[in-house]
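Here's the structure we're looking at; comments come further down.
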Amino acid sequence: MIVLFTVDVEQDCPPFLDSTRGMEEGLPRVLDILEAAGIKATFFVTGEMAGRYPEVVKGIERLGHEVGCHGDHHERFDRLPYALARMRLEEATSTLESLLGHSLCSFRAPNLKFPSPYIPLLEEEGYLVDSSTASYKWPFAGGPTWHGELLRVPASITSSALRLFYPVMIRVLPRFKGPLVFFVHPWELVDMSGERIRFDCRLGTGQRAAENLVRFIDYYRDRGAEFMTMKDFYSVSKKGRSSLPEAI
Ligand SMILES: [Zn+2]
C-alpha cells in the first residue's frame, strides 16, 4: 500500500483565525515527527505563508520534502471568477517558484474546492498533480485519474476525522483502494481548545493530534506501507499509466 502524507500549510484554522501559531509551533512538530519516522511528505503551502516565512518553507524542502502550492491567501477557488482565479494561481505559483528557484509539481486548492473547468489554469502553470478532490465528500472522487498530463489524486481522509475518531478511522482506512492520501495542518498540532472556533477544529488539537500522527504512521509502517511524495507518486503512476483510469 502507498501512503501519501500531505500537510496543508496555511494560517491557523482558516477562515476563523488569522494567527500563525501553526507556522511557528505546529510545523516544527510535524517536521520532527516525519524526520523521526524517516518519511518524506508533500507540503502544500499558500503564497501568503511562503511570503511571510520564506526560510521555513525553504527549510521544508532542504529536509527532502516536496513543496507544492495551496493557493495564495487560502481563498476558495470555486468562489472566484475564472480571471481572478488565474491571477491568484499565478501569484501563488510565482511566489513559491521564485523562493525555491524551480517549478512546482503539485497543487491542492484550499478547502479542496477547485472547479473542473479551471483545470486548464493548473496546466498553464505547469502543474502535474492536483490533489483538490476528495474521496470522503461530494462528488466523492474514486482513485487517481489522468486528465491529459495532469494526475488528479483525491484526498482520502480529513485530518479532523483522525483527531476525533482515531480508533474507528484506523480500522476503516485500510479499506481504501489506491493510495491513502492523508492530510494534516500545522495548527492542529497546537492546542486550539481555548480558541473561539468551530468545535471540530479545536477538539483533539495539540498533544493528542501529535500522538495520533505518530500512531497513524507507525500503524502503516508496521504493515509495510510505502510513504512517498506526490511528485514521486506522479513518477510511479506515469510509468504504469495504463493501469490508472483516464477522465472522460
Ligand atoms: Zn487549507
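Both ligands and their constituent atoms are indexed starting at 1 by order of listing.
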Worksheet item: Listed by chain and number, what are the salt bridge (charged side-chain N to carboxylate O under 4.0 Å, His left out) partners of E226, not counting sequence neighbours?
Response: none
Worksheet item: Any ion pair linking E55 and K58 (charged N to carboxylate O, less than 4.0 Å)?
Response: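 Counted as a salt bridge, because a side-chain N and a carboxylate O are separated by less than 4.0 Å.
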Worksheet entry | Residues in side chain to side chain donor-acceptor pair (under 3.5 Å) contact with E35, at least two apart in sequence or another chain | none
Worksheet item: Which residue pairs pass the ring-ring contact (aromatic ring centres under 6.0 Å, His included) test with at least one member in residues 25-61, sequence neighbours excluded?
Response: F43-H65
Worksheet item: Do you know how many protein N, O or S atoms are within a distance smaller than 2.8 Å of the Zn ion (ligand 1)?
Response: 3
Discussion item. Just checking K231: does its NZ atom have more than 12 heavy atoms from other residues, nucleotides or ligands closer to it than 6.0 angstrom?
Written reply: no
Item to complete: Answer yes or no on whether R215 is positioned over the face of Y219, meaning its NZ or CZ is under 6.0 Å from the six-membered ring centre and within 45° of the axis.
Response: no
